[in-house]
Amino acid sequence: MSTVVDETIIKVKKGIKNPELAWLFENCFPNTLDTTVDYEIIDGKPDTFIITGDIDAMWLRDSTAQIWPYLPFVQKDKDLKKLFQGLINRQVKCILADPYANAFFKDMEKETEWKNDLPKPEPGIHERKWEIDSLCYTVRLAYGYYKETGDTSVFDKDWDKAMRLVKKTLRTEQRKNGESPYYFIRRHENVTVRPAFLGKGRPIKPVGLICSIFRPSDDGSMYPFLIPSNLFAVESLAQLSEIYGTVMNDQEFANECTAFSKEVLEAVNKYAITEHLNYGKIYAYEVDGYGNKFFSDDPNVPSLISLRYLLEKKHYSPEVYLNTRQYLLSFDNPYYSKGKAGEGQGGPHAGTDTIWPMGIILRAMTSTSDEEIVWCVKQLLNTHNDMGFMHETFHKDDASEFSRSWFAWANTLFGELIVKLYNEKPELLESI
């Protein structure tokens, strides 16, 4: 636990009028620190392993997102600072072990339950689902830590080697020559985790976008060019360019990252923005470069609705985002639903009748409407099933039917929302 996080909880609770909301915040905000962290010194360097919750493995995406809300406190807590350093170091080890894997074990000799996947995961790898955001989150963590602290010690030789592998992997997955070394086959009934065409995904036309065979929900993508993840890559490459230009003194690599970032953004603007019948120009969720597009979203991050939360404005179109957001929060979105228990975005991961609290949290995080924010918080209050924690999903008609009672990312994200409201709109916490 962190003293400064404890102090923040006490302070924020005093600004919350609703006792249930205060209790929910007190439970959720420290959940990652309380229940998921394994920290030690390995080979003279901090090493932090963060499990996702009820699965004893670490996702590159989840681990970054789980501790991200604590970043503003690192300068006031040396132990918290070491925790961030340790996670950066551990993620480097993971990338160097396999840049295509999304989830890992702490014991790099441990064999996964998915040992029948093809190709068979190497020891230490839990799953090998290729998701662009896995690598982007490692950049986000290192860049965010550096900007908050000014500490460049994490940019060592291993980090440099890993980041060059990140860029190489993203380049490879543009598939400009029509080839990729990656494929994924699982002998499993669930079709959402079986990419088409022998595990390589549906055909694409190389247009400068990057293939992501899986979504951040860990479900297979319909079309391999996953747009929110490509926009995330635009920002990550720009961040790498800044680090290499100002810290690593490698202007050549910095320029390569800048050019790559611009190429992907231009391709998104050309191939993913479409005039919708009712909403004007909006982002497609997935495209294939041939003109085929899929319109929806994923309640995880990165998602289309999360762009305002995740990225700088220069890396997406605010105007197109607003139109897209309006579409996503309508019943024209095939995965937006309403029932007796609640209303919000879902997805194929846990069934079409389920709603993701993370989607509701992100709706509030990206809203400029006080009324909408209050509505979102009340939805979350009404659907935690008296357990005091967020879940992965709940059934639209019955919040007692939920998935994942221990999902640390959702808990910490909810805490981040409440802290944001305390800092920016404290009057709303008095009105709920």
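Scope of the values below: all heavy atoms of this structure, side chains included, with no hydrogens, waters or symmetry mates.
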Worksheet item: Looking at Arg404 and Asp54, does any basic side-chain N land under 4.0 Å from a carboxylate oxygen?
Response: yes
Discussion item. Could you check whether any side-chain heavy atom of Phe214 comes within less than 4.5 Å of a side-chain heavy atom of Asn102, counting everything from C-beta outward?
Written reply: no
Response to the item:
What one should report as the nearest heavy-atom pair of Leu265 and Val234 is N-CG2, 3.6 Å
Worksheet item: Given Phe29 and Tyr70, is the ring pair (Phe, Tyr, Trp, His ring centres under 6.0 Å) satisfied, shown in steps?
Response: CA-CA 9 Å; Phe29 190 51; Tyr70 310 132; 5.5 Å; yes
Discussion item. Tell me which pairs pass ring pair (Phe, Tyr, Trp, His ring centres under 6.0 Å) where either residue lies in residues 397-432, with sequence neighbours left out.
Written reply: His391-Phe402
Worksheet item: Got Phe260 and Gln174 here, is their nearest side-chain heavy-atom distance under 4.5 Å?
Response: yes
Item to complete: Start with the C-alpha distance between Tyr309 and Glu416, add both sets of side-chain angles, then the distance that settles side-chain contact (heavy atoms from CB on, under 4.5 Å), and finish with yes or no.
Response: CA-CA 11 Å; Tyr309 161 77; Glu416 183 179 2; 3.0 Å; yes
Discussion item. Within a 6.0 Å radius of atom NZ on Lys176, are there more than 12 heavy atoms belonging to other residues, nucleotides or ligands?
Written reply: yes
Worksheet item: More than 12 foreign heavy atoms under 6.0 Å from NZ of Lys205: is that the case here?
Response: no
Discussion item. Taking CD in Glu122 as the centre, count heavy atoms belonging to other residues, nucleotides or ligands within less than 6.0 Å. Is the count above 12?
Written reply: no
Discussion item. Would you call the rings of Tyr244 and Trp159 parallel, tilted or perpendicular, taking 30° and 60° as the class edges?
Written reply: parallel
Discussion item. Test side-chain contact (heavy atoms from CB on, under 4.5 Å) on Asp151 and Gln85; report intermediate values, then the result.
Written reply: CA-CA 10 Å; Asp151 179 14; Gln85 293 170 349; 3.1 Å; yes
Discussion item. Can you confirm whether Asn292 sits close enough to Val287 that some side-chain heavy atom of one is under 4.5 Å from a side-chain heavy atom of the other?
Written reply: no
Fill in: Thr48 and Arg90: CA distance, side-chain angles, deciding distance, side-chain contact (heavy atoms from CB on, under 4.5 Å) verdict
CA-CA 6 Å; Thr48 305; Arg90 169 57 67 161; 5.6 Å; no
Worksheet item: Does the ring centre of Phe155 sit less than 6.0 Å away from the ring centre of Tyr146?
Response: yes
Worksheet, complete the sentence: Heavy-atom nearest pair, Lys338 first then Lys396, reads O-CD, 3.7 Å
Worksheet item: Which heavy atom in Tyr100 sits nearest to a heavy atom in Ser180, and how many Å separate them?
Response: OH-OG, 4.2 Å
Discussion item. Does Glu427 have more than 12 heavy atoms from other residues, nucleotides or ligands lying within 6.0 Å of its CD?
Written reply: yes
Worksheet, complete the sentence: Which of Thr36, Asn31, Thr32 passes side chain to side chain donor-acceptor pair (under 3.5 Å) with Thr412? It is Thr32
Worksheet item: Is the shortest heavy-atom distance from the side chain of Val377 to the side chain of Leu421 under 4.5 Å?
Response: yes
Item to complete: Decide, yes or no, whether a salt bridge links Asp98 with Arg128 under the criterion of side-chain N to carboxylate O below 4.0 Å.
Response: yes
Discussion item. Are there over 12 heavy-atom neighbours, none belonging to Glu371, within less than 6.0 Å of that residue's CD?
Written reply: no
Discussion item. Salt bridge or not between Glu242 and Lys147? Use side-chain N to carboxylate O under 4.0 Å.
Written reply: yes
Discussion item. For Lys129 and Asp117: C-alpha separation, side-chain torsions, deciding distance, then whether salt bridge (Lys or Arg N to Asp or Glu O under 4.0 Å) applies.
Written reply: CA-CA 10 Å; Lys129 293 178 175 176; Asp117 287 352; over 6 Å; no
Worksheet item: Do Asp62 and Met58 have side chains that get closer than 4.5 Å, going by heavy atoms?
Response: no
Discussion item. Looking at Lys93, I want to see if its NZ is surrounded by more than 12 non-hydrogen atoms of other residues, nucleotides or ligands under 6.0 Å.
Written reply: yes
Item to complete: In plain terms, say whether Arg140 and Asp133 are close enough for a salt bridge, that is, a side-chain N and a carboxylate O under 4.0 Å apart.
Response: no
Discussion item. Under the criterion side-chain hydrogen bond (donor to acceptor under 3.5 Å, both in side chains), I'd like the reasoning laid out for Glu20 against His384: C-alpha separation, chi angles, the key distance, then a yes or no.
Written reply: CA-CA 11 Å; Glu20 184 180 4; His384 66 90; 2.7 Å; yes
Discussion item. Does Glu252, at its CD atom, have more than 12 non-hydrogen atoms belonging to other residues, nucleotides or ligands within less than 6.0 Å?
Written reply: no
Practice prompt. Return the minimal non-hydrogen interatomic distance between Asp297 and Ile305, and the atom names on each side.
Written response: OD2-N, 3.1 Å
Practice prompt. Using a 4.5 Å cut-off on heavy atoms from C-beta on, say whether the side chain of Arg186 contacts that of Glu127.
Written response: yes
Discussion item. Taking the basic N atoms (NZ, or NE/NH1/NH2) and the acidic carboxylate oxygens, is any pair closer than 4.0 Å for Glu372 and Arg363?
Written reply: yes
Discussion item. In the structure I gave you, are the side-chain heavy atoms of Thr366 and Ser306 within less than 4.5 Å of one another anywhere?
Written reply: no
Discussion item. How long is the straight-line distance from OH of Tyr283 back to OG of Ser317, given to the nearest 0.5 Å?
Written reply: 5.0 Å
Discussion item. Within the 4.5 Å heavy-atom criterion, are Asp218 and Arg61 side-chain neighbours or not?
Written reply: yes
Item to complete: Any chance you could lay out the side-chain contact (heavy atoms from CB on, under 4.5 Å) test for Ile95 and Leu135, step after step, and finish with the verdict?
Response: CA-CA 8 Å; Ile95 292 170; Leu135 299 186; 4.0 Å; yes
Worksheet entry | More than 12 heavy atoms from other groups under 6.0 Å of NZ on Lys425 | yes
Worksheet item: What closest approach, in Å, do Gly15 and Leu429 show between heavy atoms, and which atom pair accounts for it?
Response: O-CB, 3.4 Å
Item to complete: Would you give the length of the straight line joining atom CD1 of Ile210 to atom CD1 of Ile132, rounded to the nearest 0.5 angstrom?
Response: 5.0 Å
Worksheet, complete the sentence: Distance col, row Gln66:CD vs Leu33:CG, nearest 0.5 angstrom, shows 10.0 Å
Discussion item. For Lys293 versus Gly291, what's the shortest heavy-atom pair and its separation?
Written reply: NZ-O, 3.5 Å
Item to complete: Please assess Glu173 against Arg175 for the test salt bridge (Lys or Arg N to Asp or Glu O under 4.0 Å), listing each intermediate value before the final yes or no.
Response: CA-CA 5 Å; Glu173 289 308 312; Arg175 302 190 181 185; 2.9 Å; yes
Fill in: Distance, nearest 0.5 Å, that separates CZ of Phe394 from OG of Ser400
11.5 Å
Practice prompt. Drop me the distance from Leu322's CG to Ile282's CD1, to the nearest 0.5 angstrom.
Written response: 12.5 Å
Worksheet item: Got a salt bridge between Glu256 and Arg164, using NZ or NE/NH1/NH2 to carboxylate O under 4.0 Å?
Response: no
Practice prompt. Before giving the answer on ring pair (Phe, Tyr, Trp, His ring centres under 6.0 Å), spell out for Phe232 and Tyr137 the whole-Å C-alpha distance, their side-chain angles and the decisive distance to 0.1 Å.
Written response: CA-CA 9 Å; Phe232 196 7; Tyr137 265 109; 5.0 Å; yes
Worksheet entry | Geometric class of the Tyr321/Tyr316 ring pair [parallel <30°, tilted 30-60°, perpendicular >60°] | perpendicular
Item to complete: Tell me, please, which residues at least two apart from Trp59 pass ring-ring contact (aromatic ring centres under 6.0 Å, His included).
Response: His126
Worksheet item: Where does the angle between the aromatic ring planes of Tyr327 and Tyr279 fall among parallel (under 30°), tilted (30 to 60°) and perpendicular (over 60°)?
Response: perpendicular
Fill in: Spacing of Ser303 atom OG and Leu310 atom CG [to the nearest 0.5 Å]
8.0 Å
Worksheet entry | Identified side-chain contact (heavy atoms from CB on, under 4.5 Å) counterpart of Asn300 within the set Glu392, Met358, Arg215, Glu131 | Met358
Discussion item. Check whether Asn411 reaches the backbone of Met390 with its side chain - one donor and one acceptor, N or O, closer than 3.5 Å.
Written reply: yes
